[in-house]
Amino acid sequence: MKASQNTQTCYIDPTLYNGRPGNCEKRLEKEVRTYHLLDQLHISYQRLDHDAIPTIEACRDVDKMLGIDICKNLFLTNAQKTKFYLLLMPGTKKFRTKDLSKQIGSSRLSFAEPEYMERFLDITPGSVSILGLMNDTQNKVQLIIDRHVIDGHPYIGCHPCINTSSLRIKTSDILERFLPAIHHSYLLVDLPES
């Protein structure tokens, strides 16, 4: 199946797989580590494999096939670069730094540089994912979730630390099993609609 957004063409394997790939030889070690942890926690998930997806717009076809709503994953920092945040928000909302900064009591926020993303989450731009928090063993990154991502949404979509696969995982498994297992909590915020 070919999925196209604007001039971008992205191949998506139309098969919805249950669990990890049968053969992980050509998968990155950080992706395989993600599957290991999910399996250890007995968290089931469905997987789509596809070409690298660099933007939220290009994710629309994948999200349709997974039966989930688009979710933005933004890696942010304060002006002093002393605090780092991973924000999950609906793909339909526009990010306004002042709205979030006020709710979490932080100085003005901006997008963090890729080197911090790699250092703390072992992920690269385009692959930002809540699952990357498993690599944040020092708890340098605070997870922030917009209430609309989890209210009434039984599933969350995310990358397994690389943007060539996408997973559909129960929201309750992320909040009640995954986050406690990796010793991360989250702040709930209400960001305004665009």
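This is a predicted model, so every value here is computed, not measured.
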Engineer: Go through the steps for F84 and D136 under the test side chain to side chain contact (heavy atoms under 4.5 Å, CB included), then give the verdict.
Structural biologist: CA-CA 11 Å; F84 296 87; D136 180 28; over 6 Å; no
Engineer: CD of E31 to NE2 of H36: how many Å apart, nearest 0.5 Å?
Structural biologist: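 Between E31 CD and H36 NE2, I get 11.0 Å after rounding to 0.5 Å.
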Engineer: Any non-hydrogen side-chain atom of I174 less than 4.5 Å from a side-chain atom of I150?
Structural biologist: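 Counting from C-beta outward, I174 and I150 never come under 4.5 Å.
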Engineer: Taking atom CD1 of I145 and atom CG of L179, what is their separation to the nearest 0.5 Å?
Structural biologist: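 I145 atom CD1 to L179 atom CG measures 6.5 Å (nearest 0.5 Å).
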Engineer: Apply salt bridge (charged side-chain N to carboxylate O under 4.0 Å, His left out) to D173 and R177, showing your working.
Structural biologist: CA-CA 5 Å; D173 283 343; R177 297 168 88 178; 3.3 Å; yes
Engineer: Please give me the minimum heavy-atom distance between P160 and S165, naming the atom from each residue.
Structural biologist: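 Heavy-atom minimum between the residues: CD-O, 3.2 Å.
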Engineer: Rounded to the nearest 0.5 Å, how far apart are CG of L48 and OG1 of T15?
Structural biologist: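 That separation rounds to 8.5 Å.
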Engineer: For the CG atom of L133 and the SG atom of C161, what is their distance to the nearest 0.5 Å?
Structural biologist: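 It comes to 9.0 Å.
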Engineer: If I compare all heavy atoms of L100 with all of L109, which pair ends up nearest, and what's the gap?
Structural biologist: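 Taking L100 first and L109 second, the nearest heavy atoms are CD2-CD1, 3.6 Å.
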Engineer: Check whether any side-chain heavy atom of T77 lies under 4.5 Å from a side-chain heavy atom of Y116, and answer yes or no.
Structural biologist: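 Answer no - side chains too far apart.
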Engineer: What heavy-atom pair brings Y17 and D13 nearest, and what distance separates the two atoms?
Structural biologist: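 Heavy-atom minimum between the residues: OH-OD2, 2.7 Å.
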Engineer: Quick one: pull up CZ in R47 and CZ in R168 and give me the separation to the nearest 0.5 Å.
Structural biologist: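 Separation between the atoms: 13.0 Å.
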Engineer: Would you say Y186 and L88 make side-chain contact, with heavy atoms under 4.5 Å?
Structural biologist: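 Not touching, per the 4.5 Å side-chain cut-off.
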Engineer: Given the rule in the side chain to side chain contact (heavy atoms under 4.5 Å, CB included) test, do D49 and R27 qualify, once you have shown the distances and angles that lead to the verdict?
Structural biologist: CA-CA 11 Å; D49 295 328; R27 305 283 175 151; 3.1 Å; yes
Engineer: Pair D99, K94 - check salt bridge (charged side-chain N to carboxylate O under 4.0 Å, His left out), show working.
Structural biologist: CA-CA 10 Å; D99 296 329; K94 185 170 180 155; over 6 Å; no
Engineer: Determine, step by step, whether F75 and I123 satisfy the side chain to side chain contact (heavy atoms under 4.5 Å, CB included) criterion, reporting the C-alpha distance in whole Å, the side-chain angles of both residues, the deciding distance to 0.1 Å, and the verdict.
Structural biologist: CA-CA 11 Å; F75 187 60; I123 52 180; over 6 Å; no
Engineer: Work out which heavy atom in H50 is nearest to a heavy atom in V62; give both atom names and the distance.
Structural biologist: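 Smallest heavy-atom distance, with atoms named: CD2-CG2, 3.8 Å.
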Engineer: Between N139 and H183, what is the shortest heavy-atom contact and its length?
Structural biologist: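 Smallest interatomic distance, heavy atoms only, reads ND2-O, 2.7 Å.
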Engineer: Would a 4.5 Å heavy-atom cut-off, applied to side chains only, mark I156 and I169 as touching?
Structural biologist: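 With C-beta onward as the side chain, the pair stays apart.
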Engineer: May I ask you to test the Q80-S107 pair for a side-chain heavy-atom distance under 4.5 Å?
Structural biologist: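 Yes, at least one pair of side-chain atoms sits under 4.5 Å.
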Engineer: Is the side chain of S106 donor-acceptor paired with the backbone N or O of S101 at a distance under 3.5 Å, no angle test?
Structural biologist: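 No; judged by distance alone, with no hydrogens or angles, the pair does not exist.
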Engineer: Grab the two heavy atoms, one from A181 and one from L41, that are nearest each other, plus how far apart they are.
Structural biologist: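 Nearest pair, atom of A181 first, then L41: CB-CD2, 3.5 Å.
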Engineer: In the structure I gave you, are the side-chain heavy atoms of L167 and Y35 within less than 4.5 Å of one another anywhere?
Structural biologist: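 Answer yes - side chains close enough.
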Engineer: If Ile, Leu, Val, Met, Phe, Trp and Tyr residues are connected whenever their side-chain heavy atoms lie under 4.5 Å apart, and connections chain through other members, are V32 and L38 in the same group?
Structural biologist: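 Per the 4.5 Å side-chain linkage, V32 and L38 are not co-clustered.
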Engineer: Mark yes or no for whether S129, through its side chain, and L131, through its backbone, hold a donor-acceptor pair below 3.5 Å.
Structural biologist: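 Judged by distance alone, yes, a pair lies under 3.5 Å.
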Engineer: So, applying side-chain hydrogen bond (donor to acceptor under 3.5 Å, both in side chains) with N135, which one of K30, R33, E118, R119 is it?
Structural biologist: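 For N135, the side-chain hydrogen bond (donor to acceptor under 3.5 Å, both in side chains) check succeeds only for R33.
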Engineer: Rounded to the nearest 0.5 Å, how far apart are CG of D61 and CD1 of I12?
Structural biologist: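 With rounding to 0.5 Å, CG (D61) is 5.0 Å from CD1 (I12).
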Engineer: Any donor and acceptor pair, going by atom type alone, linking the side chain of K72 with main-chain N or O of K93 inside 3.5 Å?
Structural biologist: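 Side chain of K72 to backbone of K93: a pair is present.
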Engineer: If we only count heavy atoms from C-beta on, is the L187 to L143 side-chain gap below 4.5 Å?
Structural biologist: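 L187 vs L143: side chains apart.
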Engineer: Please answer: with hydrophobic residues joined when any side-chain heavy atoms are less than 4.5 Å apart, are Y155 and L66 in the same cluster?
Structural biologist: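 Both belong to a single hydrophobic cluster.
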Engineer: In terms of hydrophobic clusters joined by side-chain contacts under 4.5 Å, are M117 and L76 together?
Structural biologist: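 Per the 4.5 Å side-chain linkage, M117 and L76 are not co-clustered.
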Engineer: For L37 and F178, what are the C-alpha separation, side-chain angles and deciding distance, and is it a side chain to side chain contact (heavy atoms under 4.5 Å, CB included)?
Structural biologist: CA-CA 9 Å; L37 179 59; F178 175 75; 3.7 Å; yes
Engineer: Using a 4.5 Å cut-off on heavy atoms from C-beta on, say whether the side chain of T92 contacts that of H148.
Structural biologist: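 SC-SC contact between H148 and T92 ruled out.
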